[in-house]
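For clarity, every value in this text was computed on a predicted model and none was experimentally measured. We count residues from 1, following the sequence as given. Note that these values count all heavy atoms, side chains included, but never hydrogens, waters or copies made by symmetry.
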Amino acid sequence: MPTPNEKDIVAALRKVIDPARGQDIVTLGLVRGLAARDGHVGFVLEMAPNDAKTGEPLRLAAQKAVEALPQVLSVSVVLTSHKTPGQSS
């Protein structure tokens with residue numbers, strides 16, 4: 001089965017806008033570890049800890065954007081957040 005290319009996936013993800021910042025999630029550097037194989041796509045959406053409220057809606061929007069591409073059978077998006085050393089909770 002053909003797999004969508006990375007260019008098409010990134011283009012779809014550029015349509016997902018972070019409402020708090022007014023920029024797309026690719027430009028903001030939130031998309032990590034993009035992989036596509038046999039119609040299955042996976043990537044990590046890495047958020048700052050203080051952006052946790054917008055994390056899940058952005059994850060769902062990113063998943064739907066990629067699912068809409070032809071040849072995509074499944075999409076797995078992992079939402080993660082890490083504190084930098086010395087950052088308090």
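- The closest side-chain heavy-atom distance from Glu56 to Arg59 is below 4.5 Å.
- Closest non-hydrogen pair, Pro19 versus Leu58, comes out as CD-CD2, 4.3 Å.
- Residues Val44 and Val16 do not share a hydrophobic cluster, defined by chaining ILVMFWY side chains whose heavy atoms lie under 4.5 Å apart.
- A distance-only check finds a donor-acceptor pair linking the side chain of Ser81 to the backbone of Met47 [under 3.5 Å].
- Leu79 and Gly55 get closest at one heavy-atom pair: CD2-C, 3.6 Å.
- Sorted by first and then second residue, the salt bridge (charged side-chain N to carboxylate O under 4.0 Å, His left out) pairs with a member in residues 20-36 read Arg14-Asp24, Asp18-Arg21, Arg21-Asp51; sequence neighbours excluded.
- When side chains are defined from C-beta on, Leu34 counts as touching Val41, because their heavy atoms get closer than 4.5 Å.
- Other residues, nucleotides and ligands contribute only 12 or fewer heavy atoms inside 6.0 Å of the CD atom of Glu6.
- Taking every heavy atom of both residues into account, Gly39 and Pro4 meet most closely at CA-CD, 4.5 Å.
- Rounding to the nearest 0.5 Å places NE2 of His40 at 5.0 Å from CG of Leu73.
- Nearest heavy-atom pair, Glu67 versus Val75, reported as atom, atom and distance to 0.1 Å: CG-CG2, 3.5 Å.
- Under the 4.5 Å side-chain heavy-atom criterion for grouping Ile, Leu, Val, Met, Phe, Trp and Tyr, Leu28 is connected to Val10 within one hydrophobic cluster.
- The residue from Val26, Thr27, Asp8 that alone fulfils the side-chain contact (heavy atoms from CB on, under 4.5 Å) condition with Leu13 is Val26.
- Grouping the Ile, Leu, Val, Met, Phe, Trp and Tyr side chains by contacts below 4.5 angstrom, directly or via other members, places Ile17 apart from Val66.
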